[in-house]
Amino acid sequence: MLAKSIAGEAKVPFFSISGSDFVEMFVGVGASRVRDMFDNAKKNAPCIIFIDEIDAVGRQRGAGLGGGNDEREQTLNQMLVEMDGFETNLGVIVVAATNRPDILDAALLRPGRFDRQVYVTLPDIRGREQILNVHMRKIPLGQDVNASTIARGTPGMSGADLANLCNEAALMAARRSARVVEMQDFEKAKDKILMGPERKSMVMPEEERRNTAYHEAGHALIGKLLPKCDPVHKVTIIPRGRALGVTMSLPAQDRYSYDSEYMLNQISMLFGGRIAEEVFMKQMTTGASNDFERATHIARDMVTRYGMTDALGPMVYAENEGEVFLGRSVTKTTNMSEQTMQKVDMEVRRIIDQQYAQARGLIEDNSDKMHAMAKALLEWETIDSDQLDDIMAGKEPRPPKDWMPRGKPLSGGDGSSSGGASTVKPDAAPTAA
């Protein structure tokens, strides 16, 4: 879009096309379009050619997934031929965009073709605030809306995510027939994006609601007690998306790297749900399956990728794990002996057992706080950081700001029950994705 605005101001012709537009059912059509596009560009020089999603046709060649007559490979070859004949005085500038530069063919990135690479990373807190100010101009805002506050609570969001946030907030305001979009609408929109849409119509037995309350309370308690865990922002037992309960943590500031203590604390927090089920409900459910998967993934990456164990040292043991269908090699090699693989498994087991025992000790020593959290969740269904702070201080939790007393107690048949569990971390370690 920057190239387009520059071209418009300078009265320079601008040709824009998506990489996927080059790929057609008929053989040779993609290469023909490339030739026509560059011919038109040379006739209208000086001009700018913009190719979006160039990875659709610019993937690495020779991956064993197609011969030389593959349509994508023919299109890529034609593009390479056209760009090879550029001269400094030709007056044609080619700009391309992709979110997968790691799978592009090396010939595209050599000097003389795409030899200038600009990395557009996710915006920081100042960038998010400025992006929000742009999108907020289109909607009527209430007096309590603060872009800087919203920016602090949306780490890891891209510009498109923030635009979607503003749109969802406007929809939330329209559903309650409001004339302006208030801060509560942005909060509900953020919850919907990060945790998924609410499924209040789901009817669950009271025992499963109770199990879910203790499960989520276990996640929240560990998150409040361990020093390196991100602050717990909200806990709910209302089903959202595919999860039947959610504990959402938001980092206090933007994170760019993760230390070993932070990752160990994340593993402990993930185990808090199952431990709470065992200690207080005397049972095990399938709601912790995703927690176990993520915890095991973090522990294995600590051992095999990040060199965070003394037994195996600073060495990478996970190599050549690229996906075949993204242009990588078909063959997959393993550079570990059976003895080393056994050591890796033993280290992963040691980390898992150590953090599981730590989480269990914290939950058993704070059973009174666990009961208070579960009671608050069963009564209000959703509690935020204010209620959690009251519970951790031994006080009676204050009611939620938007909570209204109901005419009858909550039960599994009122359409607001839930069960199961999951944890959501918008800015979690890359191993927990």
Side-chain angles (χ1 to χ4, degrees), residues 55 59-65 98-106 109-110 117 119 121-122 155-156 222-223 226-230 249 251 253-272 274-275 288-361 423 425-433:
D55 56 280
R59 290 183 294 183
Q60 291 181 358
R61 294 169 293 179
L65 300 177
T98 179
N99 57 357
R100 291 301 308 270
D102 54 311
I103 66 171
L104 293 179
D105 192 87
L109 303 178
R110 75 161 179 82
Q117 298 185 26
Y119 293 94
T121 59
L122 293 175
I222 301 300
L226 293 181
K228 284 297 184 74
C229 283
D230 291 326
S249 299
Q253 57 188 1
D254 293 340
R255 288 185 176 272
Y256 302 101
S257 63
Y258 305 92
D259 56 59
S260 59
E261 186 180 357
Y262 173 85
M263 301 179 77
L264 291 174
N265 288 174
Q266 296 305 309
I267 296 175
S268 296
M269 184 176 178
L270 289 168
F271 285 144
R274 165 57 68 84
I275 295 172
S289 60
N290 181 255
D291 297 331
F292 291 164
E293 180 181 354
R294 293 164 58 189
T296 305
H297 194 182
I298 295 175
R300 186 167 294 277
D301 279 354
M302 290 179 65
V303 175
T304 61
R305 290 182 179 272
Y306 307 136
M308 292 181 175
T309 58
D310 296 333
L312 293 171
M315 183 173 175
V316 176
Y317 296 94
E319 296 183 5
N320 198 9
E321 295 186 351
E323 298 86 346
V324 172
F325 295 101
L326 291 180
R328 297 299 185 188
S329 175
V330 174
T331 60
K332 182 177 180 180
T333 59
T334 302
N335 298 326
M336 285 194 295
S337 63
E338 292 185 3
Q339 292 81 2
T340 304
M341 294 176 69
Q342 290 179 358
K343 290 182 180 180
V344 170
D345 292 339
M346 291 175 60
E347 280 298 297
V348 173
R349 169 54 63 184
R350 181 189 64 81
I351 293 174
I352 294 295
D353 292 343
Q354 179 180 339
Q355 300 311 120
Y356 192 92
Q358 180 187 31
R360 189 179 187 94
T423 55
K425 298 196 64 57
D427 194 33
T431 55

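Count residues from 1 along the sequence.
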_Residue list, side chain to side chain donor-acceptor pair (under 3.5 Å) with Asp353, at least two apart or on another chain_ = Arg349
*Closest heavy-atom pair and its distance - Gly223, Cys229*: O-CB, 3.6 Å
*Got a second to check how far Ile267's CD1 is from Ile298's CD1, nearest 0.5 Å?*
5.5 Å
_Would the distance check show the side chain of Tyr317 and the main-chain N or O of Thr340 forming a donor-acceptor pair, the cut-off being under 3.5 Å?_
no
_Exercise: identify the closest heavy-atom pair between Leu104 and Thr98_ = CD1-CG2, 3.9 Å
*Just jot down the salt bridge (charged side-chain N to carboxylate O under 4.0 Å, His left out) partners of Arg300, sequence neighbours excluded, or say none.*
Asp345
*For Ser260, what residues pass the side chain to side chain donor-acceptor pair (under 3.5 Å) criterion, not counting sequence neighbours?*
none
*pair Asn290-Arg294: side-chain heavy atoms closer than 4.5 Å*: yes
*If you measure from CG on Asp259 to CE on Met308, what distance do you get to the nearest 0.5 Å?*
7.0 Å
*asked:* Taking side-chain contact (heavy atoms from CB on, under 4.5 Å) as the definition, give me every residue that meets it alongside Glu338, ordered by chain and number, with sequence neighbours left out.
replied: none
*Under the salt bridge (charged side-chain N to carboxylate O under 4.0 Å, His left out) test, which residues partner Asp105, sequence neighbours left out?*
Arg61
*side chain to side chain donor-acceptor pair (under 3.5 Å) involving Glu347 - partner list, sequence neighbours excluded*: Arg350
*asked:* Please find the pair of heavy atoms, one from Ala359 and one from Ile222, that lie closest to each other, and give the distance.
replied: O-CD1, 3.7 Å
*Are Gln358 and Phe271 side-chain neighbours, meaning at least one heavy-atom pair lies under 4.5 Å?*
no
*asked:* The criterion is salt bridge (charged side-chain N to carboxylate O under 4.0 Å, His left out); which residues satisfy it with Glu261, sequence neighbours excluded?
replied: Lys228
*Less than 4.5 Å apart, any side-chain heavy atom of Tyr306 and any of Met263?*
yes
_Approximate separation, where rounding is to 0.5 Å, of Lys343 NZ and Leu312 CG_ = 7.0 Å
*Identify the two heavy atoms, one from Leu122 and one from Gly156, that lie closest to each other, and give their separation to 0.1 Å.*
CD1-O, 3.5 Å
*Heavy-atom closest pair, residues Gln355 and Leu264*: NE2-O, 3.1 Å
*Minimum-distance pair of heavy atoms, taken over all atoms of Ala299 and Ile352*: CB-CD1, 3.9 Å
*Residues forming a side chain to side chain donor-acceptor pair (under 3.5 Å) with Thr309, sequence neighbours excluded*: none
